[in-house]
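Computed from a predicted model, the values in this text were never measured in an experiment.
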Amino acid sequence: SDDFGNYCAPMKVEEMIACELTTVAARTRSAELDLQDRGILLYEPENNEDLAIKIFSLVASPAHNYNSIQRYWDQIAIDLCNELRTSVAR
């Protein structure tokens, strides 16, 4: 499988949060790490049915309160390094 999405920062999602846009993102390791508990709906990658369910839930209830947080690159790097260490240890 392609692991690229598991190790890249979801910057487009951060931009969408900043613009207060309704957002659905693929559940990758980096997305979970960065977006957990922030109100973003995550769908299972390559699962069209799960994506459709998330989109329909947003259509039914478009008002979401996103938790926009300010994080600095050094903290993001530490979080990603910790995630990589955990992945390698598995």
Side-chain angles (χ1 to χ4, degrees):
S1 72
D2 183 10
D3 283 335
F4 175 76
N6 285 322
Y7 302 107
C8 62
M11 291 308 300
K12 187 55 67 185
V13 176
E14 294 290 347
E15 293 168 356
M16 293 172 82
I17 291 169
C19 293
E20 298 180 3
L21 296 174
T22 303
T23 306
V24 176
R27 181 184 308 280
T28 62
R29 288 183 195 141
S30 61
E32 282 187 310
L33 179 66
D34 194 46
L35 303 174
Q36 64 187 358
D37 303 322
R38 294 189 55 201
I40 302 298
L41 292 180
L42 299 176
Y43 71 92
E44 294 303 320
E46 300 183 35
N47 184 331
N48 295 338
E49 185 176 328
D50 190 38
L51 175 58
I53 289 168
K54 299 302 190 293
I55 291 171
F56 283 127
S57 72
L58 287 175
V59 170
S61 177
H64 271 63
N65 295 321
Y66 296 127
N67 298 321
S68 184
I69 60 172
Q70 183 175 8
R71 292 181 60 196
Y72 296 97
W73 285 109
D74 56 343
Q75 184 59 50
I76 293 172
I78 290 168
D79 291 346
L80 287 174
C81 284
N82 289 337
E83 179 66 22
L84 287 171
R85 285 187 186 108
T86 301
S87 296
V88 170
R90 291 182 196 156

Rounded to the nearest 0.5 Å, how far does [atom2] of [Y] lie from [atom1] of [X]?
{"X": "Glu15", "Y": "Thr23", "atom1": "CD", "atom2": "OG1", "value": "11.0 Å"}
{"X": "Asp50", "Y": "Arg27", "atom1": "CG", "atom2": "CZ", "value": "7.5 Å"}
{"X": "Glu44", "Y": "Thr28", "atom1": "CD", "atom2": "OG1", "value": "10.5 Å"}

So which atom in [X] and which in [Y] form the shortest heavy-atom distance, rounded to 0.1 Å?
{"X": "Leu41", "Y": "Lys54", "answer": "CD1-O, 3.7 Å"}
{"X": "Ala26", "Y": "Leu42", "answer": "O-CD2, 4.0 Å"}
{"X": "Leu51", "Y": "Val24", "answer": "CD1-CG1, 3.8 Å"}

Worksheet entry | Partner set under side chain to side chain contact (heavy atoms under 4.5 Å, CB included) for Leu84, not counting sequence neighbours |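 So Leu84 forms a side chain to side chain contact (heavy atoms under 4.5 Å, CB included) with Tyr7.
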
Item to complete: Taking side chain to side chain contact (heavy atoms under 4.5 Å, CB included) as the test, write out the residues that go with Ile53, two or more places apart.
Response: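 Here the qualifying residues are Glu49.
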
Discussion item. Between Glu32 and Arg29 (salt bridge meaning N to carboxylate O under 4.0 Å), is one present in this structure?
Written reply: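 No, no charged N to carboxylate O under 4.0 Å.
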
Discussion item. side-chain contact (heavy atoms from CB on, under 4.5 Å) for Leu35 and Glu14? Distances and angles first, verdict last.
Written reply: CA-CA 9 Å; Leu35 303 174; Glu14 294 290 347; 4.2 Å; yes

Worksheet item: Considering residues at least two apart in sequence or located in another chain, which fulfil the side chain to side chain donor-acceptor pair (under 3.5 Å) criterion with Asn47?
Response: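 Here no residue qualifies.
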
